[in-house]
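Values below: all heavy atoms of this structure, side chains included; hydrogens, waters and symmetry mates excluded.
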Amino acid sequence: MKIVISEYVHDDAVALLRDHHDVRYDANLFSDTDALKDALADAHAWIVRNQTRVTGNEHAPNLAVVGRVGVGLDNLDLDALRERDIVVTWAPGTNAVSVAEYVIGAMLSVTRRFDAISQDVHAGVWNRQAAMGGELYGQTLGIVGLGDIGTRLAKRAAAFGMNVIASDPAVHPSSFGVQEYGVALVPLTDLLAQSDMISLHTPLLPSTRHLIDNKTLAQMKPTALLINTARGGLIDETALAAALRDHRLGGAVLDVREQEPPGDADPLRDFANVILTPHIAGVTHESNRRASLHIAHDVLRVLNGDKPVSAVPLR
């Protein structure tokens, strides 16, 4: 059978798949519409990450399974795939540690001002007093979405002595993260008002699009740090740029954007108090291998007529 991989995956996963089936692997295939269409014409399985749009209407009559290397599903038309009885499998939990560590690293970097201080020292400036930063200890971290990633972040933040609060209507007060790590569940309005740092870990849904807008930004402390490693559409970037420009927000760390890449007209590119990374919070050497192998095994299970471990419910 033929497997098409249209974005990068770990070499070990490619090798595993090639041991069993014919594999067309091109990490940039997602960007070549004609080549992708040709590749899918006789494909039985299709493996993607987040840059490939899967509409379910592709000319791929033999397609039996789509594997999503990661956890976000907003680039897949699940309704259309359901109509065709195409199995969708994903890799929940495989990058949760990577994202949690990214957020901790971002908070430390901003609080201790590593980048700016390093640039000064590289330029020959040695001023210890001016280089003084702050601590995470005692600060309040607000986690919006206490799921797999949010819970791991809560554990790590608690280890730094942070006061951790969370807002998530789907989480019960008796849940593991709340009980084990002392996370206080609060309404979103309270979280925004109380937090020194706010980290977003909620899926992009119609109800969460532009969750962070003029109204919610106005509820934050003017010194707060906003971190988004979830989905770019959670933030109204025009509103965020205005808040930063008017000094109504302390700063932001954005790993995901409404448009990726954001292009030359990016309204957030020129702010010194904004850290921008190219959607890599969950992508480490270790998590890439875990997620890639997880999907490879699940795709092989489907092609062998078995049930995948991590099927996305389509009904």
Side-chain angles (χ1 to χ4, degrees), residues 1-96 147-148 203-206 230-233 256 260 279 282-283 287-315:
M1 295 185 182
K2 181 179 178 181
I3 301 171
V4 172
I5 307 174
S6 57
E7 296 181 62
Y8 71 93
V9 299
H10 196 277
D11 290 343
D12 289 353
V14 178
L16 173 65
L17 293 168
R18 282 180 170 155
D19 283 342
H20 297 84
H21 298 286
D22 176 29
V23 176
R24 166 74 185 277
Y25 174 41
D26 181 346
N28 296 306
L29 188 58
F30 71 93
S31 63
D32 189 333
T33 303
D34 292 336
L36 180 58
K37 181 179 179 181
D38 290 342
L40 291 173
D42 57 349
H44 299 87
W46 185 9
I47 296 177
V48 305
R49 296 190 84 101
N50 70 304
Q51 296 186 85
T52 306
R53 300 298 305 176
V54 181
T55 68
N57 298 316
E58 290 82 8
H59 181 62
N62 300 322
L63 193 63
V65 56
V66 172
R68 166 69 168 96
V69 182
V71 294
L73 299 171
D74 46 290
N75 59 312
L76 277 60
D77 187 334
L78 297 180
D79 289 335
L81 294 168
R82 179 191 303 120
E83 289 293 324
R84 295 189 54 192
D85 289 324
I86 294 173
V87 176
V88 177
T89 182
W90 60 333
T94 55
N95 68 351
D148 201 7
L204 180 61
L205 305 168
R231 285 294 179 266
V256 289
E260 296 185 358
H279 204 143
V283 183
S287 70
N288 180 36
R289 185 176 186 275
R290 283 194 299 268
S292 298
L293 285 172
H294 185 92
I295 291 301
H297 282 293
D298 255 5
V299 165
L300 290 176
R301 289 186 184 99
V302 174
L303 295 182
N304 289 337
D306 300 322
K307 291 183 178 180
V309 170
S310 299
V312 175
L314 294 182
R315 288 181 169 81

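Remark: Asp306 engages Arg301, Asn304 in a side chain to side chain contact (heavy atoms under 4.5 Å, CB included) (not counting sequence neighbours).
Atom CH2 in Trp46 sits 9.0 Å away from atom CD1 in Ile86 (nearest 0.5 Å). Between atom CG of residue Asp38 and atom CG of residue Leu29 there is a gap of 9.5 Å, rounded to the nearest 0.5 Å. Taken from CG in Leu303 to NE2 in His21, the straight-line distance is 4.5 Å, to the nearest 0.5 Å. The distance from the CZ atom of Arg68 to the NE2 atom of His294 is 12.5 Å, given to the nearest 0.5 Å. Annotation: the span from His44 atom NE2 to Leu63 atom CG amounts to 9.5 Å, rounded to 0.5 Å. The CZ atom of Arg53 sits 12.5 Å away from the CZ atom of Phe30 when rounded to the nearest 0.5 Å.
For the pair Glu58 (side chain) and Gly56 (backbone), a donor-acceptor distance under 3.5 Å is present. Under a 3.5 Å cut-off, the side chain of Lys2 and the backbone N or O of Ala41 do not form any donor-acceptor pair. A donor-acceptor distance shorter than 3.5 angstrom exists from the side chain of Glu7 to the backbone of Gln51, with no hydrogens or angles considered. Between the side chain of Ser292 and the backbone N or O of Val9 there is no donor-acceptor pair closer than 3.5 Å. A side-chain donor-acceptor contact under 3.5 Å links Thr89 to the backbone of Ser310.
Nearest heavy-atom pair across Thr94 and Ala291 is OG1-CB, 3.3 Å. Looking at every heavy atom in both residues, Ala39 comes nearest to Ala43 through O-CB, 3.8 Å. Between Gly67 and Val299 the shortest heavy-atom distance is CA-CG2, 4.4 Å. Looking at every heavy atom in both residues, Asn75 comes nearest to Thr52 through ND2-O, 2.8 Å. Of all the heavy atoms in Val256 and Ala230, the pair that sits closest is CG1-O, 3.6 Å. Residues Asn62 and Asp42 approach most closely at ND2-CA, 4.0 Å, considering heavy atoms.
Contact annotation: the side chain of His10 never approaches that of Leu293 to less than 4.5 Å [non-hydrogen atoms, C-beta and beyond]. Side-chain contact between Ile5 and Leu17 is present, with at least one heavy-atom pair separated by less than 4.5 Å. Using a 4.5 Å heavy-atom cutoff, the side chains of Leu16 and Leu300 are in contact.
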Check against side-chain hydrogen bond (donor to acceptor under 3.5 Å, both in side chains), Asn288 and Arg49: CA-CA 11 Å; Asn288 180 36; Arg49 296 190 84 101; 2.9 Å; yes
